[in-house]
Each structure stands twice: as C-alpha cells, then as structure tokens.
2 protein chains.
Amino acid sequence: MRRRVLDVAEDSFQARGYHASSLGDLMAAAGVTGGALHHHFPTKKALALAVIGERVAAAVEKTWIEPVLAAASAREGVRTVFGAVAAELEQQGYVRGCPLNNLAHELSLADDEFRSALAGIFAGWRQTIADKMRADQTNGGEGGVDPDRFAALAVAAYSGAMSMAKTSQDAGVLRECLKGLESVQPPPSGPAARRRRRVLVHIR
Amino acid sequence: MRRRVLDVAEDSFQARGYHASSLGDLMAAAGVTGGALHHHFPTKKALALAVIGERVAAAVEKTWIEPVLAAASAREGVRTVFGAVAAELEQQGYVRGCPLNNLAHELSLADDEFRSALAGIFAGWRQTIADKMRADQTNGGEGGVDPDRFAALAVAAYSGAMSMAKTSQDAGVLRECLKGLESVQPPPSGPAARRRRRVLVHIR
DNA sequence: GGTAAAACAGACCGGTTGTCCTGTTTTGTC
DNA sequence: GACAAAACAGGACAACCGGTCTGTTTTACC
C-alpha cells in the first residue's frame, strides 16, 4: 500500500509537478483512502521527501551511476547514458524531463530539507563520474581533462539538455549536446598538448 | 499598475514558482485590488503568459543575447556571460535560478501555450550563439567546431549549471562548467583521430 | 463639459486543498 | 485465543484559491 502510493506519487510528481499533484488525485489514482495515506505519510512534504529519497535517488542510480560504473571509462559511460536516454525518449514520443531536475526546480527554494536532499543526489552523481575519470587516469588513459570539471559539465549538459528537450518536446538536443561533449579535449597549450593527444590515441 | 503587477509576478514566479504564487499574495505585494488585476489579466494563465513574453524573454535578451552579440566572438560572449552571472550570484549570496528554466520546468508540461512560448525563447537563445559562431567562422576564426552543436551545449551547460547552483545554493559549479566548455575543441583531424573516432562509434 | 470607454475597487462564491480525527480491521506475538 | 500495535477507512473541517460580479472613479476625446 505504501509502495502503491509511492508509485503513483513518483509518477504524478514527474508528470505534473509537486504543487499540481493534489493528494486527492493521488489517493484516487492509487486506490487509497485518506486515512491510509495519512498513516504512512503524515504530510505531503513527508511523501515528497520519501519520493526523493527512495525513488528519485534510485532512478539516478539506475540511469546514471550503474551504467557509468559498468562502462569502460567515464567518457564511455556518459556516451552510453546520453544515447540510451535519447533513444528511450524518441521511442516513447514525449519528454517528461529528468525527475531530479524537475523536483529540484520546484522544491529547492521552497524548503531547505527538500533542497539538501536533492543537492545530495546531484553531488553523488557528479562524484561518480569524476571518480570514474580519476580511475581512468591512473589506469593510463584520459589525459589532461580535469575530472571534476568534466563531471560538472556532463551533469550540467545532461540536465540542461533535458530541460530543453522537455520544453521543445524533442529529444534531438540531447544528441547535439552529446556530440558537443565529445569535443571536450585537454586544452592544447604548450608542448604537453601533443604528448597528451598521443596518449589518448594510444590507449584506444 | 499593470507594470507593478508584472514586476511582482515576475519576482514571485522566480522565487516561489507559478503554482506557489497565489493571486492573493501578488495582489497584496503589488498593492492592487482584485478588480484591477482581473482587468489587466483575466486569468492567472494570462498573467504568466505576459510575464513570459515580456519579462522572461527580456531577461534572456539582456543577460545573453546582447552580451553575445556585443562580444568579439561567440566563445568570448559565452565566457563573458558565465563570468558575469557567476559574479552576480556570488555577490548576492543566494541563487534563485534562471527565470526561463524555472518556468520551463513547471509549466511546459502543464499547458501547450506555455510550452511553445518558452520553447521559442530557448530557440532564439541558441540561434543567437550559433549565428554568432558562424559569423566568427566566415571571418576566419573558430575552425572546426559545429556552431549549432556548440550553441546547444553552451545553453544546456548554463541551464544545467544553474539548476545545480540553485539546488546547492552555490554558484561555483557555474565556473566549473565554464572551464569545461573552454575545453571544447574541434575534433583533431588526421589519421589518428579518424581511427579513434571509428572505435568510439563502434562501441555504441 | 459631456460622454463613453478604460481603469480600478471590493465583496462574493463554488470548488479544492491539506490536514486531522474517530472508528474499524488486520497483523504479529506470547 | 488474548491483546497490543500497526494498518486502514472515511468523513469533517478550516483555510485558501482562482474567478466573477456589480459598482465607482479616472481618463481621453470631441
């Protein structure tokens, strides 16, 4: 029963947002009475906090963290996720946006508990990519590019691309941004640049 | 009077969002009676449409379009805007996010009129950067990088960085992403590059 | 300075929202 | 099978929301 409420809430929060999702609608959609809902989630805020902590975090984990960790490199992981998400969106024909971003925009200024919960997910997401790239570098690959910088850019590009994709209802911008991300190379400054590039070619 | 309402609405929509801004609050904050408000904006939706068309578009124009057009190059324009916004946010000590993005997330799935109005602003923004870079290229500068690709990435990176900055209440990620963007270089040409690219595509 | 339209005032209403409260049923445990 | 705790049912309610309505005042123009 608790799970049913969470399912419906997760879906409705993404499709309509937090404020536009009334508890009445959620109750009807989940087939749950007011008493039952209030038992598991005393307030609407508690419900949202649960959705963020249990569902949104899990979605990021499944969509991003796991594929990145499983990939051959950070770069490859980013490429894989962008491609997979773009393909999924194109197949389903509409774009509802990134659950994390959607809630982050609506809630992070409204309440500090919301904000820190969402910020934690963002931080973990970035750190996974950065750590992965650091591992790549100690393994001899991926010269020059700053891991934290790359991770921040990858997450920002994804989030921003999803915003535009949602607004234009067209996933094409995701592919555009991925191609742009592919062009992120270590800055060709000084003689070190040539060496780096050689290394990059080498390991492939 | 109409201007006063728009001022207050613009501010409240950015600080609290559309749904969380009640007309009662807006009336009180603007010192306007219900009748006056209803005279200028028959519905709340009409008010939001006016805010988007007159204020949000103008904000993007002033923050992005004008500086980019005035800059020596598209790249330089992007650099300038990122720096200026980061500096402004750091000075004021809090982050309310990008007005366009905030409303885009909350409204683009709710109503198609909202959606297309917001999508138009996004499109104009991207096109300005892309056109600027095309001009750079015909003037001999900026080789290799695809203008549309760069524009999409710049806008996405900015939007996404603002999302994270808003969620973490820290503008630092903006500077990180700018540094990442600086590393966007035309893909190295030559046999080595071609080989690498082939491998990358193959993996997908 | 008369007049029509626009601008504004302020009360009002139906509907909805989130929350709370009192019972009833189910579950787990000795 | 007694019994306490958790799970659930369902109504009640006070606050609030957006929208509408009827008047009054200001403005613009001939």
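At the phosphate of dC16(D), neither OP1 nor OP2 sits under 4.0 Å from any side-chain N or O atom of Ser22(B). Residue His19(A) has no polar side-chain atom (N or O) positioned under 4.0 Å from OP1 or OP2 of dT17(C). For dA7(D), the OP1/OP2 oxygens have a side-chain nitrogen or oxygen of His39(A) closer than 4.0 Å.
Whole-Å rounding puts the His38(B) NE2 to dC21(D) P distance at 8 Å. Protein atom CG of Leu37(A) is 16 Å distant from nucleotide atom P of dC21(C), rounded to whole Å. Atom CG of Leu23(B) is separated from atom C1' of dT16(C) by 15 Å (rounded to the nearest Å). The distance from atom CZ of Phe41(B) to atom P of dC8(C) is 11 Å, rounded to the nearest whole Å. His40(B) has its NE2 atom 17 Å from the C1' atom of dG19(D), to the nearest Å. Taking atom CZ of Arg2(A) as the reference point, atom C1' of dA9(D) lies 20 Å away to the nearest angstrom.
Remark: Lys45(A) engages Glu113(A) in a salt bridge, criterion side-chain N to carboxylate O under 4.0 Å. Of the charged side-chain nitrogens involved, none lies within less than 4.0 Å of a carboxylate oxygen, so that Lys132(A) and Glu76(A) do not count as a salt-bridged pair.
Ring geometry, Tyr158(A) versus Phe82(A): the interplanar angle exceeds 60°, so the pair is classed perpendicular (tilted spans 30 to 60°). Ring pair His105(A)/His105(B) is parallel by interplanar angle, where below 30° counts as parallel and above 60° as perpendicular.
DNA chain D lies under 4.0 Å from at least one heavy atom of each of the following residues of residues 25-36 of chain A: Thr33(A), Gly34(A), Gly35(A), Ala36(A).
Contact between Thr167(A) and Ala104(B) at its shortest, heavy atoms only, is OG1-CB, 3.5 Å.
Here the side chain of Glu106(A) pairs no donor or acceptor atom with the backbone of Gly17(A) at under 3.5 angstrom.
Nucleotides of DNA chain C nearest to Met1(B) and Tyr18(A) differ in position, and the one nearer the 5' end is that of Met1(B).
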